[in-house]
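In what follows, every chain begins at residue 1, and chains take the letters A, B, ... in the order their sequences are listed.
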Amino acid sequence: MDYRPRDIEKKWKTYWEDQDVYKVSNQSDKPKYYVLDMFPYPSGSGLHVGHPLGYIASDIFARYKRLRGFNVLHPMGYDAFGLPAEQYAIQMGVHPAKSTAENIARYRSQLDNLGFSFDWSREVNTSKPSYYKWTQWIFLQLFQHWYDQEQAKARSIEALIAHFDAHGTEGLKAACSEELSFDSAAWSAMDAKAKDDVLMNYRLAYKKQTFVNWCEALGTVLANDEVKDGLSERGGHPVERRPMLQWSLRITAYAERLLSDLDTLEWSDAMKKMQANWIGKSIGAQMFFDLEGSDEKLEIFTTRPDTIFGATFMVVAPEHDLVAELTTAEQKGDIDKYLDYVNTRSERERMSDVKTVTGAFTGAYAINPFNKERVPIWISEYVLKDYGTGAIMAVPADDERDRRFAEKFGLPIIDIIDKSAHPGATIEDKVGTMINSDFLNGMEVLDAIQATLDAIEQRKIGKKQINYKLRDAIYSRQRYWGEPFPVIYDAAGVSYPLKEEDLPLELPELDDFKPASGGKSPLARKTEWVNRPDGFFHETDTMPGFAGSSWYYLRYMDATNAETFAGQEAINYWRDVDLYVGGTEHAVGHLMYARVWHKFLYDLGHLPTIEPFQKLINQGMIQGVIEYLYLSKEKKDGQSQFVCAKLAEERGIEDFARMPVYVAYVADYGTDNSHLNAEGIRQFTEWRPEFEGAAFECVEGTYQNGVFQPKGEQTEGRLHTKSEVGKMSKRYFNVINPDDVVERYGSDCFRLYEMFLGPIEQAKPWDTKGIDGVSRFLRKFWALFFDGQGDFHCSDEEPTKAEFKILHKTIKKVTEDIERFSFNTCVSAFMVATNELSKLKSSKKQIMNPMLRLIAPFAPHMSEELWHQLGHETSIHLTEYPALNEEYLKEDAFTYPIAINGKTRLTMEFPADAAKETIEKEAVALEGIQKWLEGKTVRKVIVVPKRMINIVVG
RNA sequence: GCGGGUGUGGUGAAAUUGGUAGACACGCUAGACUUAGGAUCUAGUGCCGCAAGGUGUGGGGGUUCGAGUCCCUCCACCCGCACCA
């Protein structure tokens, strides 16, 4: 019988489905294990060979754990709300629900092609009302809770109101937008709107006027992690800072727990660092500076209070609330001019240009609380509104940026730290002895910091404070394709939560998805929906992409529950995700939000664990080869001219050589036109070396939405390329569809090959060449079961010791390697075993039966087929993992490498239990060794049992 | 600039605690078979050398009987963050 992977695979796929082999129950005596993949956003271009890498690894692990006796939850679903579907809707007029459903169908068929053991009965789709009902429900919980810093947990708004009724803000320690102070009488005197505003100051989901990342091209605001280098992560459009009334999540309330609980997780150090950096904890002091001629105080934050005597000026952010008040009449011109300049600067410019020193003097002075010196107050964009208090004391002697600023504007610099004892120390290192610093003189920096902190608290001019870089997450999107907010407003603008029984608040139908005017969501145009019959108004913003993905792993535990987001029993059984597999691109976004939601639900008593994802594995990206094409045209003067340079400019690509290949219009290529499509466009989905330097005729043009539009006249030129390893993407024409590979080699081969490519966490370019080796291996393995006539011939004969040894060596190696997620070496181990068994012409049931169970997680179809050929009636995937018997691994002898001065010269076999002395004596006496010892003295002989022998001579 | 990572044959890579560097594959070379295949099998394949031998894990230095592995230093590339007070 020949190995025909596609026939086998279809047969067993149907069998598994019919038998519900991968269905998992929430009740079991077995220990639980939860293996989760980051669910995909079903994009229009389908899966490419890079996507399944993590899914294959997690599937192998899930199957392995199942065989080892665990009740394994291994689900899959779709993150189905999002921008691309909506962009597509705007362009093509297709409803996002329709295109999303089509994309999901395509993803499903691609996933089904790869032999995954997902329990599809638990599939989630974040855009379905039955799912987003609970996204809205969790949002309402966030809306109706606040964070009590004293108890370090979320508490109900009712408790907060009770506190206000009794004590006002007295004794309240709460996470809030700004510190408020009122007594109970003032609270009860407030009208509904005022009370609503106060509560918004504390709610974990709150609405507030804030500076947000506005993306004009997308017509919506974006969260910080959705902005990269001042451009939107999706689409790469410019983003600007703009004040807008927006929903936010008070994730900063959880900053400390997010940071400290990282210690409980098995994540890579890199991943923990990324999270820690994003949280950005720093310990320092809050300090108040009196303002000359004003009752106001200027609040600053510093991590270096010890440098207070070197503070020769203050800098506040241009957007700081006090700027207008601080500015004196004669400085108003300068300040206004500077503010105009700041306003013209895009976020992008601001970020890319951090070297230029700019600023303006307000004319106002602050008073140094320690030495009562007058300190001028400046504004500059290097001080950020969002961090700390948006104001600093500048110490040019001890801070690089302050120094540059002082030098540019001629401000005084007072040396305060003597670093002469620390030659290599940089300006920012916390070492040295204090000078010119009054009571701090002579102290070491670290002591001085503590002494200053004490003095600050003693003099009541500030206090020790902890600051975080983490910002609250902007939670509003001015889009259609997202979860509607379950919040309504009355005519006065007071907000009310929808009742739980009114959930889900379904997304209304719309036929035009373009944003409404004035930065409003498309929903705002549907006035009959916005204006409710009861006189209230709907919120028209929708929730961001990360809403649905922040808790989907909980829904899988009990995916069809209509009463609650997941039943308590199911949650208490599954608890948390044991293994989470996904890309690093979610290091700060998704993983941070999911952790906050988890901790919040834990606070409310819905979850038994403090963290959602115990172990995290980041699969590396599978890259493609990008062939960039450029055209050169011979000019009369002999110099070549790059025709594409102009095109590149139009397309906003700075480096012409980085242009994707498809822009070329090749009218003729020698006599062979087979590489041209119907329009005569060469889409270089593969590159042939002979194209390099080939002459051709071309016209310039653009390529949009699959249509080439020629511009300009035909010219002659030459073709040049440059290749580079990079992202696999539709726009580079380097996408390889797993379906094509599977069709040719089978999905077992595809799975094995993706694992064989290298370590799971490493990025690597896809190269189909090596797959033949894996394919050969599978056929060789298959052939072990059949004789020369193609008849099944696995015998009942008792295996030899050598055969048992091959089996158990492989069991040991594969088991250890799976446990450390080293799947590439597992595949090697299978190859080695197969090569050895082939050589022995071994085909015995006692060997092949366990061997099949060992390889089953990797090659589920083939192993199932052979398992049934061996006479079994039930699925191999429901059996037990083969047991290791170390007895077979015991060696009678060991082949020692014998080295002289560390260089291996020859090898010699000794009995495993040979005494050190015997080995030493015999090794030195060997003829092959003696010739190396001539004329030299043996100084020492090192014998490490079962390792090596080293003879030291001199 | 800061933080993290990686550097090993022509290629993907392996070497789990310091102990025979290059397992396993791809590719290449030679050969066998042939119902001529995208098939299979055999042998070889780090580099230099006919060989003996030498040499070799980004460069330089160190610790050690012994270093791809540990320490110092420099270089290159990749990823993340970036005026964070």
Side-chain angles (χ1 to χ4, degrees), chain A residues 228-229 268-274 276-278 280-282 284-285 300-304 307 315 350-357 380-384 386-395 398-402 404-405 426 428 467-470 584-585 587-588 618 620-621 725 744-745 753 756-759 761-777 779-780 783 813 816-817 819-820 822 824-832 834-835 895-907 939-944 946-954:
Chain A
K228 293 258 140 75
D229 299 327
S268 70
D269 288 345
M271 195 58 64
K272 287 187 186 183
K273 270 269 165 50
M274 272 190 243
N277 287 345
W278 193 259
K281 180 178 182 174
S282 58
I300 62 123
F301 172 74
T302 178
T303 54
R304 295 296 303 276
T307 61
V315 187
R350 225 173 131 159
M351 288 175 89
S352 59
D353 168 32
V354 297
K355 292 259 156 61
T356 318
V357 179
S380 172
E381 53 179 351
Y382 86 85
V383 172
L384 308 172
D386 279 339
Y387 185 73
T389 61
I392 62 161
M393 64 176 199
V395 184
D398 209 51
D399 184 286
E400 190 54 47
R401 295 152 305 170
D402 297 348
R404 281 202 312 252
F405 196 84
T426 65
E428 261 95 23
N467 226 313
Y468 300 94
K469 271 193 249 178
L470 186 70
T584 22
E585 64 271 23
V588 288
N618 297 111
M621 201 181 17
V725 169
R744 199 160 122 191
Y745 293 96
Y753 181 57
F756 190 58
L757 275 173
E761 305 210 68
Q762 196 168 298
K764 52 224 152 200
W766 176 266
D767 179 4
T768 312
K769 268 190 243 150
I771 199 169
D772 289 317
V774 174
S775 178
R776 241 168 253 157
F777 152 71
R779 284 197 300 268
K780 210 165 164 183
K813 170 83 179 145
E816 283 170 2
D817 286 357
E819 291 284 354
R820 63 187 180 107
S822 174
N824 54 330
T825 52
C826 290
V827 180
S828 301
F830 288 130
M831 288 174 170
V832 171
T834 304
N835 290 344
T895 307
Y896 282 85
I898 306 174
I900 294 164
N901 284 347
K903 278 194 203 319
T904 306
R905 294 303 177 181
L906 49 88
T907 58
R939 300 215 185 275
K940 201 173 173 187
V941 179
I942 291 150
V943 177
V944 183
K946 296 204 185 164
R947 285 255 188 241
M948 44 66 67
I949 300 160
N950 191 14
I951 303 169
V952 186
V953 297

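Ion pairing between a basic and an acidic side chain is recognised when a charged N comes within 4.0 Å of a carboxylate O; A/K769 and A/D772 show no such pairing.
Rounded to whole Å, the distance from CG on A/N467 to P on B/A85 is 8 Å. One can place CZ of A/R947 at 17 Å from C1' of B/U64, the figure rounded to the nearest angstrom. In this structure, A/E761 atom CD and B/A13 atom P are separated by 14 Å, rounded to whole Å. A straight line from NZ of A/K769 to C1' of B/G10 spans 10 Å, rounded to a whole angstrom. Taking atom CG of A/D386 as the reference point, atom P of B/C83 lies 12 Å away to the nearest angstrom.
No hydrogens or angles were tested; on distance alone, a donor-acceptor pair under 3.5 Å links the side chain of A/S828 to the base of B/A23.
Toward the 5′ end of RNA chain B lies the nearest nucleotide of A/K940, the other residue of the pair A/L384 and A/K940 mapping further downstream. Both A/G390 and A/V774 lie near RNA chain B, and the one whose nearest nucleotide falls closer to the 5' end is A/V774.
When the nucleotides B/A13, B/C83, B/A85 are ranked by their closest atom to the side chain of A/S282, B/A85 comes out on top.
Anti is the conformation of B/G61, whose glycosidic angle sits further than 90° from 0.
Under the 4.5 Å side-chain criterion, counting only non-hydrogen atoms from C-beta, A/F756 is in contact with A/S828.
Ring-centre distance between A/Y468 and A/W278: not below the 6.0 Å cut-off.
Within 4.0 Å (heavy atoms only), A/N824 reaches sugar-phosphate atoms of the nucleic acid but no base atom.
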Residues A/E400, A/R404; criterion side chain to side chain contact (heavy atoms under 4.5 Å, CB included); working and verdict: CA-CA 6 Å; A/E400 190 54 47; A/R404 281 202 312 252; 4.2 Å; yes
